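Data block below; observations after.
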Amino acid sequence: MKVKKAVIPAAGYGTRFLPVTKAIPKEMLPIVDTPTIEYIVREALESGIKDILIIVSSNKNAIVDHFDRNFELEHMLKEKNKLDELEKITSVTNECNIFFVRQKEQLGLGHAVLCAKEFVGNEPFALLLGDDLYVGEEKPALKQLLEAYDKVETSVVGTLYVDDWDVSKYGICSLKDFRRLPLLELDSLIEKPALEDAPSNLAIGGRYILTPKIFELLETQKRGAGNEIQLTDSINRLLEYEKVYSYEISGRRYDIGSVYGFVDATLDFALKREDIRDRISDLIYKKRG
Ligand code: G1P
């Protein structure tokens with residue numbers, strides 16, 4: 001069955017970005033001039049998915065407003081013949097159908113994903129976490145995963161290799177096969193293990209294609225790491241019913257949920273922009289000198 005729907009959880013508190021996230025959703029923090037969540041929505045669109053559900057919590061109305069029409073602003077931009085600016089605020093919303101659902105309590109990623117059950121129905125779906133921003137070498141990260149899904153027609157978890165000191169921040173994979181191929185069958189998963197308990201350095205990288213069976217498992221999922229309802233624990237249980245694969249995503253990944261990753265992405269994206277590239281690189285050079 002073809003994957004036609006994507007889910008983006010955006011309900012977390014954003015504690016790594018306080019104080020700014022006290023009143024502003026972390027998903028609205030801009031990389032140069034575009035909110036981080038817009039890059040994630042564009043990745044889904046560029047991968048061929050138009051129906052997108054964003055899971056929000058209270059205090060996240062700015063995300064809803066961002067993807068809504070703003071007729072007054074559109075009218076003003078038209079009047080002043082600012083057509084490039086008009087395109088910037090309408091292109092994404094014109095191209096896809098964005099839906100919202102509210103997570104009433106923040107009980108963890110697994111609990112947030114369960115809020116997508118009605119929207120997804122009985123189909124496989126794509127899941128994109130907003131803290132992971134990818135710049136694919138040739139194809140968007142999600143497109144790579146969708147192509148892997150087409151081969152195996154079961155759940156696929158996007159992965160990346162991480163350093164030892166980062167292992168305890170991620171869901172970690174144990175594989176059935178020790179060859180280093182992009183698409184391999186998973187044996188088990190463990191969320192945020194201590195380094196000595198980690199079966200490998202292959203981490204879940206915030207992109208998934210999941211079969212709808214996951215919802216049944218999330219409904220009965222007990223709390224795990226951090227006393228939260230963990231998606232990783234339900235995918236681990238999913239392995240008792242069906243095969244699950246890992247797919248090593250190719251491309252550059254930024255952890256924009258961390259201040260370091262966010263600044264790294266900001267600099268790289270600014271240096272890719274023709275209009276400001278030269279001045280930004282001069283600026284960096286002068287500051288280092
Ligand atoms: C979540 C997942 C984890 C995954 C990570 C990727 O953790 O629970 O399995 O490796 O995203 O960014 P979080 O970063 O929300 O703690």
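Just so you know, ligand 1 is whichever comes first in the structure, and atom 1 is the first atom listed for that ligand. No experiment lies behind these values; they were computed from the predicted model shown. Throughout, residue positions are numbered sequentially from 1 according to the sequence presented.
On a distance-only criterion, Thr232 and ligand 1 share at least one N/O pair closer than 3.5 Å. The distance criterion of under 3.5 Å between nitrogen or oxygen atoms is met by Gly171 with respect to ligand 1. Where the criterion is an N or O separation shorter than 3.5 Å, residue side chain and backbone included, Ile204 meets it with respect to ligand 1. Checked by distance only, ligand 1 and Asp132 come closer than 3.5 Å through their nitrogen or oxygen atoms. Where the criterion is an N or O separation shorter than 3.5 Å, residue side chain and backbone included, Glu191 meets it with respect to ligand 1.
Among protein heavy atoms, atom 16 (O) of ligand 1 sits closest to Lys192 NZ, 2.7 Å.
Residue pairs satisfying the side-chain hydrogen bond (donor to acceptor under 3.5 Å, both in side chains) criterion with at least one member in residues 46-56, sequence neighbours excluded, are listed as follows: Asp51-Asn97.
In this structure, Arg252 satisfies the cation-pi test against Tyr254, with its NZ or CZ atom closer than 6.0 Å to the six-membered ring centre and inside 45 degrees of the ring normal.
At a heavy-atom distance under 4.0 Å, no atom of Asp131 approaches ligand 1.
Within a 4.0 Å radius of atom 14 (O) of ligand 1, the protein has no heavy atom.
Ligand 1 lies less than 4.0 angstrom from a heavy atom belonging to Arg253.
At a threshold of 4.0 Å, the pair Arg273-Asp268 does not count as salt-bridged, since none of the basic side-chain nitrogens sits closer than that to a carboxylate oxygen.
Aromatic ring centres of Phe269 and Tyr39: separated by under 6.0 Å.
Applying the 6.0 Å contact sphere to NZ of Lys151 captures no more than 12 heavy atoms from other residues, nucleotides or ligands.
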